[in-house]
Amino acid sequence: MDGVVLQAPPLPRAFYRRDPRLVAVDLLGKVLVAGERSGRIVETEAYLGAADPAAHSYRRRSARNATMFGPPGHLYVYFTYGMHWCCNPVCGDEDEPVAVLVRALAPLGGVDQMRALRPAARRERDLCSGPAKLCQALGIHGGHDGADLVLGDRGVRIVDDGTAPPPDPVVTTRVGISQAVDEPWRWYVRGDPHVSRP
DNA sequence: ACCGGGATGTTCT
DNA sequence: GAACATCCCGGTG
């Protein structure tokens, strides 16, 4: 199974060049790879730029959010709460600053490395059950901001290993925000134990 | 299981 | 100076 993931081609640019809400649901079941570590995406949230007060790109372009304004298929990585990194595949067209926050993974490959990178995680399901947890487990940080997922730039990519998409994903409001709290732009795999908050 | 508070520093007002 | 797309630990029940 690791072999399938390593050989699978990255998702094409066109996959990302769409409404982030469509990309968010279609990312469920795909595999995020960073170096020798990988996990199946089980939870996502869409952020809609100028139409979304909760988005980092709601007001204007800045040094931090610049990647969101760039072409789709690149990874926007930001630092928050003084210690955590979170990662987002950029979606839509260039200059349309929309993206999808990857919120949870089911660990797949390189689990021993993940455990070493996340000593606080006691159980397997604590390894990647949150947007900052999964970045720590996969070793994703600010040095990956802007990396091209389609080219596998800096070792990061998202692949389709042939697994069927989840049949009936759950849709809910987003987590951890104080603006646009009623927008139903979070998706997760029903019943999956690796989701950050069922 | 659930809840409350502290960590820690960048970004924006 | 406040807010922050979070996590962890230690308390209680």
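Here is how names work: the chains are called A, B, and so on, in the same order as the sequence lines, proteins then strands, and each is numbered from 1.
- Taking only side-chain atoms of A/R60, from C-beta outward, the nucleotide of B/dT10, C/dC7, B/dT13 with the closest atom is B/dT13.
- Look at C/dC8: its Watson-Crick or wobble partner, with both distances under 3.5 angstrom, is B/dG5.
- Base contact: A/L101 has a heavy atom under 4.0 Å from a base atom.
- Ranking C/dC4, C/dC8, C/dA5 by closeness to the A/H56 side chain, first place goes to C/dA5.
- Close to B/dT10, at under 4.0 Å from its OP1 or OP2, lies no side-chain N or O of A/T80.
- The CG-C1' distance, from A/L117 to C/dC7, rounds to 16 Å in whole Å.
- For the residue pair A/E43 / A/H194, no side-chain donor-acceptor distance below 3.5 Å is found, with atom types taken as modelled.
- The side chain of A/R197 places no N or O atom within less than 4.0 Å of a non-bridging phosphate oxygen (OP1 or OP2) of C/dT6.
- The residue A/R103 sits close only to the backbone: its heavy atoms come under 4.0 Å of sugar-phosphate atoms, none of a base.
- Candidate nucleotides B/dG9, B/dT11, C/dT6 were compared by shortest atom distance to the side chain of A/R64, and B/dT11 ranks first.
- With sequence neighbours left out, the side-chain contact (heavy atoms from CB on, under 4.5 Å) criterion links A/A46 to A/P20, A/R21, A/A24, A/L48, A/W185, A/W187.
- Between the side chains of A/H74 and A/Y16, not a single donor N or O lies within less than 3.5 Å of an accepting N or O.
- Between C/dA3 and A/S178, no contact under 4.0 Å exists linking OP1 or OP2 to a side-chain N or O.
- Checking A/K133 against A/Q179, the closest nucleotide of DNA chain C that is more toward the 5' end is the one next to A/Q179.
- Here C/dA5 is the nucleotide among C/dA5, B/dG9, C/dC7 with the atom lying nearest to any side-chain atom of A/N88.
- One atom, OH of A/Y81, and another, C1' of B/dA7, lie 12 Å apart when rounded to the nearest Å.
- The pair A/R174-A/D52 meets the salt-bridge criterion, with a side-chain N (NZ, NE, NH1 or NH2) lying under 4.0 Å from an Asp/Glu carboxylate O.
- Residue contacts shown for A/R118 are limited to sugar-phosphate atoms, with no base heavy atom under 4.0 Å away.
- No side-chain N or O of A/S57 forms a donor-acceptor pair with one of A/N65 less than 3.5 Å apart.
- For A/Y78 and C/dA5, a side-chain-to-base donor-acceptor distance below 3.5 Å is present, hydrogens and geometry of angles not being considered.
- Judged by closest nucleotide on DNA chain C, A/G82 is the one of A/P131 and A/G82 placed further toward the 5' end.
- Within 4.0 Å (heavy atoms only), A/A54 reaches at least one base atom of the nucleic acid.
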